[in-house]
Amino acid sequence: MAKQSTIFNFFSKSPPLTKTKPSPSPTEADLPSSVKKLNSSPKEAAKQDPSQSTKKTQAKINKTAAKGAFSKLFEGKTPSVKESPQPCSFSAGALVWAKLEGYPWWPCMVVPQPLSGQQMRGRGRDQRLHVHFFDEPPTRGWVSVKYIREFKGSDSNDAKTGGVFFSGKPVIRRAMELADRALSDSPEKRLQMPLCTDPSEDEEEEVEDMEVDKSTLSDEELGEEEEEEVKAKPSRRSARAQVEEGRKPKRRRIVVQSDSEGSDEEFKPQRAGSSEEEEDEEEGASSGVDEAEEESVSESEQDSPVKPAKRKRPAEKPAKAKAAPVAPTPPPKKAPALVSAGAKSKLSAFTAPESFESQGSGATGEGTTVWDHEKLDWLQEGRRKDAKRRRPGDPDYDPATLYVPEDFLSKTTPGMRRWWQLKSEMADAVLFYKVGKFYELYHMDAVVGVSELGLAYMRGTWAHSGFPEIGFARFSDGLVQKGYKVARVEQTETPEMMEARCRTIARPTKFDRVVRREVCRVITKGTQTYSVLDGAPAEMQSRYLLSVKERAEGEGAAGPRTYGVAFVDASMGHFYLGQFQDDRHCSRLRTLTAHHPPAQVLLERGNLSAETQKLLKASLSAAQQEALAPGAQFWDASRTLKALAEEDYFKECDGLPPALKAMTSESDSLGLTPGEGHELALSALGGCIFYLKKCLVDQELVSMANFEEYVPVDVEMERAGGESGLFRQARQRMVLDGVTLANLEVLQNGSTGGGEGTLLERLDSCCTPFGRRLLKHWLCAPLCSPASIGDRLDALEDLMGAPGPASEAGELLKKLPDLERLLSKIHSMGTPLKSQGHPDSRAVLYEEITYSKRKIADFLAALEGFKTMQQIVSALETAAAEGFRSKLLRQVAVCKTDGEEGLFPDLSAELQRWETAFDHQKARSTGVITPKTGFDPEYDQALAAIKETERGLQEYLDRQKKRLGCRNMTYWGTGRNRYQMEVPDSVSDRNIPEEYEVKSTKKGWKRYWTREIERLFSELQGWEEKRDAALKDCMRRLFYNFDKNYKAWQTAVECMAVLDVLLCLSRYSQGGDGPMARPEVLHPGDAPESRPFLDLRGSRHPCVTTTFFGDSFVPNDVFIGCRDEGDEEPSEDEGRATCVLVTGPNMGGKSTLMRQCGLVVILAQLGCYVPAESLRLTPVDRVFTRLGASDRIMSGESTFYVELSETASILHHGTGHSLVLLDELGRGTATYDGTAIASAVVKDLAERIRCRTLFSTHYHSLVEDHAQDPAVRLGHMACMVENECDEDPSQETITFLYKFIRGACPKSYGFNAARLASLPEEVIQSGHRKAREFERSTVTLRVFRQLCSLAEDPRSTTERFASLVRMITEL
């Protein structure tokens, strides 16, 4: 409908701009649109316009696709209202609900079409009703009758909340108000209201003849245009005039509004029935895709949920088919025989499928269609080979390539030959193959496009789909997010360039006469850079491309191993590489993948051990994994360094970056020899760079020179050398491995896999994307230095003490874009490396202006962001002057020029320079940057030379005026004919100097040139070419000049990221659900006890505010390694106890208490207030967890094996400063084995490692064994038991108090949990009887053991004897 986009401007998914049209039959395919629209016989059409009857009939005979002219429809005559061909249940003026398929219902009124007078057209399920949409301004269109319902007013039940027509959109609510007003009027009065009379898009399509710019034509059409030598400039013309000239009217495709700003494209297939030789001879330049491969078929948009483009059915050319004679008066209900049977069969291949379901399944008729590519023998399963003809069983088989037989290629058209050649090189990618203004998907790629993106198949025996160029971002990202690899193939030649190339070839073949196409970008999950073609990022957090190489250090699978890793965030160009030893459980590699979760993993084929492969398969199952060939693809260290030197990546920074230089041998000044202990890291970097090179993003990313060595956190601790160095270093971090992050749900919810309920979600109120990324980094590695922790806490107090400036800074931070990624994008757009030899620099992009506008918008957004940063610094300037206690806050919030400690760079001069560099508003609207004087030397030089040359030409003209004595002499001409001196005939020929050469004449005037003018004009042209070249490259050089100051821009972003996180933590510290306390972190040497301790009072879970039953969260105290001041008689032994045994009833809160303790410690060392009354502790170097029960079935590890693996990591890596949270160790095996292992672990933790430990258990024998152990303290979760009955447990009522108190819990009350879980009562009773038997046996055994002990030791005390008597009495 006309102006339809105005109705749907607020929708996230754009509606189709054109109406839904039924697929015409083969017989009707070539009818002129005017005849089809009238729904009448040719005879009746002739009566309406006798003057055109003969020509229209002739047009039908020739099977042209002539369209009706707008001039005929808009002659000022009001057409009479015609009756619909079939009965209509709604008369003109009726109010209805109408719905375009896939979009909301809209209040409408049935009206006749203002041009043809039709109210309904079509038959059967293709019937459509013409409606007026209530909108401002009004719009209209054709809607399928199956989406028409009666409008009964906005107060009807269907229009209220929960009704089928309900909508909360303001625009639809306004439309309902307009419809309500018209509801009380009569149908006749309604029809008198202002209606839309503008032609809709589909009507323009049917009647408008449009001359398409030559740049948008396909190669074949350009050839035809050149042959016909069309010199006249056509405008809107009638079909009749075009038929008289023997020209075929152009058709265009209408694309979705959200994808294009009204761009249209002529997409014409090659002629049906013509041979390849005829095509070569007659059509000249070819796009290279034949009629079966370049055909654009009209799609059934009604059944297609995604309508990127409407493709018109092509009409066959008059010279290629013979028409059957047309009967002068055919029956009105029978289609005239207008085309031959051969033409029918060809046209039937172009009809759109009747239903989208048939498209999705590949069915075009009865049964399922087998596509042509599925019939190829060499593509069948078991017969496929890689490019080097190796079969899948070969160890060197490369699944990323495909062998395509040469005899098959020789039979294809040039364009399809090129497609198969590219597919052979990247068989694992979906090719977006550019043809004109459209990306086409062929064969197996088309199947993917239809099934994953909802595209529609073109009609034919081979799979084919496509979409317009402007839709690349949406469709490519849709496939990448689903795990596909996308290759963007662009035309890198214009037809003119192709013709010029062919003229240099002695005998060009048909394969030469096709525009060149090259792969310009390969996009995967791990290599998304979010360029102007790719669109905005889908998520804020980093997504890494990880490259791993392994070397076994010992014999057997259980020995240690060394890993070399390199990972990069392609969206920001940050590289990390390192090499480290790891244990058999791959603890450090697990930690790396938890802190920096990769979206894609690169491996060297045959390099990784089975254990590492299991780890990657289990813990990184969502990440794509790709194996590279050793040597050729996954480079060794020497080849990596050689490639870095040869590619000139670091030309701007004069040599390798410091992090890479440190990994080369000191004896090699050229940096081509890897240093000892860095070979695997450099090799992993080689695999990474090779892959980036394959994806064509290596130049833009590596040239940023952002390289950093990755050192595991625990390795840094080992290098610190003792606890004094460990806790004194400001950069030292706490170790949180992958198991701990998962068990404590710091980043990811263990149940849903999302972020809900995690510590990150609870803390994250950051205003910027780069602030969110920094917060996650801080959470993964909290501080260990008490001084650094205290400085962060001081920063929070400073911000909380200045609420006004802090609030203003927070509001300004919300305005900042993702400047980290914008800086990387600007570097990519400005780097000279990419502009020199990259295929993208040669790509022919039809939406170049749109992309230029996006580039400028990104650049201006970055400038505005840095201006906002200065405002933020100014907002905090007053508070900073009054004195911030925190050194960290002074560093990030004070400019370098204002204080010695300030790190924020002074950007005023640089921003002022860019403010005056060019007209920002003009550049934003036009997509072209014209630099102002003084900014671009090359451009300024060219302008100055042009002015100087023009001045010379003017001075020469003034001299000639004096010489001839003629004042009215002037220069005349345009383009290359400029600067001809125009001399009137009144000047005698005798006075004309000999050097004057006549160039042209007109009545009364002669025009002359001289050698001096020719010289000056030649100079002028040269400078103009330099000016144009400078202007063309101006945008890239502008971005390049901006990027030269990258370090200052990046420092400013880092300062704002720190400020954003500090503001985020201050908001959490102020807005807790209860008391929030500043933690007191003491250095171990400064603590009174001079040993590690934890004194936590009134603590609450940071992420849980209510209990399972909805009650308020109960705060608890935890004392480890220190005395409980609440104890009435504290003992010296309990003050030294570093291990706390936690018992209690099932569901009593033991696991919650342990998680709560771990999260509070992490928050404290993060430098944040904690949800507690008070917290005192010495720093924790590492948090270990063994919580919950789960297996790793993908790794072949049982539940008990997982428990013991995690426990082994604790016993191997734990230190006296660690915090260990062990939950019910030994549940996965027999009771005796589990109890024995648990007892041994408790003893080792309490006596050897002596780390702070919370150990929960249901083994009451374990509690008895350690009841008198001075290194172990007992505690339990309290509960209240009513009606306790040994005979009938169903009478018991247990109330969980969720309070952690001293002592041991006598029972676990498991039958209470069984009752809550709704186990059958008879099962519970049976279990209780069995439990009593077990308990009696256990007590009997204990009594016997006590008797034996008394018998062996005659000196036993009276207390022991009394205890034995009590046990016998109970028994």
Side-chain angles (χ1 to χ4, degrees), residues 473 477 480 521-545 566-577 596 598-600 649-653 657 659 688-689 691-693 695-708 768-774 777 816-835 838 840 851 854-866 869 907 914 1035-1057:
D477 189 64
V480 170
R521 179 73 167 89
V522 180
I523 308 174
T524 65
K525 263 191 174 183
T527 61
Q528 284 186 288
T529 56
Y530 306 109
S531 68
V532 290
L533 270 74
D534 300 333
E539 59 183 38
M540 299 300 177
Q541 295 297 340
S542 298
R543 305 174 68 175
Y544 294 96
L545 172 70
F567 51 100
V568 56
D569 181 354
S571 67
M572 293 183 286
H574 290 174
F575 287 82
Y576 304 85
L577 64 158
H596 307 278
Q600 190 173 1
Y649 291 127
F650 310 116
K651 189 175 182 180
E652 299 294 328
C653 55
C688 191
I689 292 179
Y691 198 78
L692 295 176
K693 193 178 184 71
C695 294
L696 298 161
V697 289
D698 60 312
Q699 294 171 333
E700 58 194 84
L701 295 182
V702 181
S703 61
M704 293 184 72
N706 281 338
F707 287 84
E708 183 178 335
T768 63
F770 43 87
R772 289 191 176 95
R773 289 191 286 269
L774 182 62
H777 177 71
L816 296 182
D818 194 345
L819 287 166
E820 262 186 324
R821 284 175 171 165
L822 277 181
L823 288 177
S824 175
K825 190 182 291 188
I826 292 172
H827 170 85
S828 172
M829 294 186 295
T831 176
L833 286 174
K834 188 174 180 181
S835 66
H838 198 281
D840 248 342
Y851 304 141
R854 290 180 185 174
K855 291 179 181 179
I856 293 170
D858 285 341
F859 182 68
L860 295 181
L863 291 179
E864 290 299 322
F866 287 112
M869 285 185 181
L907 305 175
W914 288 104
M1035 187 181 299
R1036 186 203 62 78
R1037 283 184 285 111
L1038 181 143
F1039 296 149
Y1040 175 71
N1041 289 332
F1042 179 89
D1043 186 58
K1044 285 182 177 179
N1045 203 26
Y1046 174 81
K1047 289 186 177 179
W1049 304 122
Q1050 183 63 23
T1051 302
V1053 173
E1054 291 171 355
C1055 288
M1056 288 300 105

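Numbers here simply count residues along the sequence, with the first being 1. The structure displayed is predicted, hence computed values, not measured ones.
A side-chain N or O of Tyr691 and one of Gln600 form a donor-acceptor pair less than 3.5 Å apart. Of the N and O atoms on the side chains of His827 and Ser703, at least one donor lies less than 3.5 Å from an acceptor on the other residue. Gln1050 and Asn706 share no donor-acceptor pair across their side chains, judged by distance under 3.5 Å alone.
For the atom pair CD1 (Ile523) and CG (Asp534), the distance works out to 4.0 Å, reported to the nearest 0.5 Å. To the nearest 0.5 Å, atom CZ of residue Phe866 and atom CZ of residue Phe1042 are 5.0 Å apart. Taken from CD1 in Ile689 to CG in Asp698, the straight-line distance is 8.0 Å, to the nearest 0.5 Å. Rounded to the nearest 0.5 angstrom, Met572 CE and Tyr530 OH are separated by 10.0 Å. Distance check: His574 NE2 to Met704 CE gives 6.0 Å after rounding to the nearest 0.5 Å. The CG atom of Leu823 sits 8.0 Å away from atom CG of Asp1043, with the distance rounded to the nearest 0.5 Å.
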Exercise for the section: Could you walk me through whether Phe567 and Phe575 pass side-chain contact (heavy atoms from CB on, under 4.5 Å), step by step? Expected result: CA-CA 6 Å; Phe567 51 100; Phe575 287 82; over 6 Å; no
Practice task
Go through the steps for Asp818 and Phe770 under the test side-chain contact (heavy atoms from CB on, under 4.5 Å), then give the verdict.
Solution key: CA-CA 6 Å; Asp818 194 345; Phe770 43 87; 4.2 Å; yes
Practice task
Verify side-chain contact (heavy atoms from CB on, under 4.5 Å) between Tyr1046 and Ile826, making sure each step is shown before the conclusion.
Solution key: CA-CA 10 Å; Tyr1046 174 81; Ile826 292 172; over 6 Å; no
Exercise for the section: Assess whether side-chain contact (heavy atoms from CB on, under 4.5 Å) is satisfied between Met869 and Leu819, documenting all intermediate values. Expected result: CA-CA 11 Å; Met869 285 185 181; Leu819 287 166; 3.2 Å; yes
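Pairing each heavy atom of Leu701 with each of Ala570, the nearest pair is CD2-O, 3.3 Å. Across every non-hydrogen atom of Leu545 and Gly526, the tightest pair is CB-O, 3.5 Å.
Under the 30°/60° scheme for interplanar angles, the aromatic rings of His596 and His777 are found to be tilted.
Proximity of a side-chain donor or acceptor of Arg1036 to a complementary backbone N or O of Gly830 within less than 3.5 Å is detected. Proximity of a side-chain donor or acceptor of Glu700 to a complementary backbone N or O of Ser828 within less than 3.5 Å is not detected. Side chain of Arg543 to main chain of Ala599: no donor-acceptor pair is present (N/O by atom type, distance under 3.5 Å, no hydrogens or angles).
A heavy-atom distance below 4.5 Å is not found between the side chains of Leu1038 and Asn1041.
Ion pairing between Arg821 and Asp858 fails under the 4.0 Å rule for side-chain N and carboxylate O. With respect to the salt-bridge test (charged N to carboxylate O, under 4.0 angstrom), the residues Glu652 and Lys1044 do not qualify.
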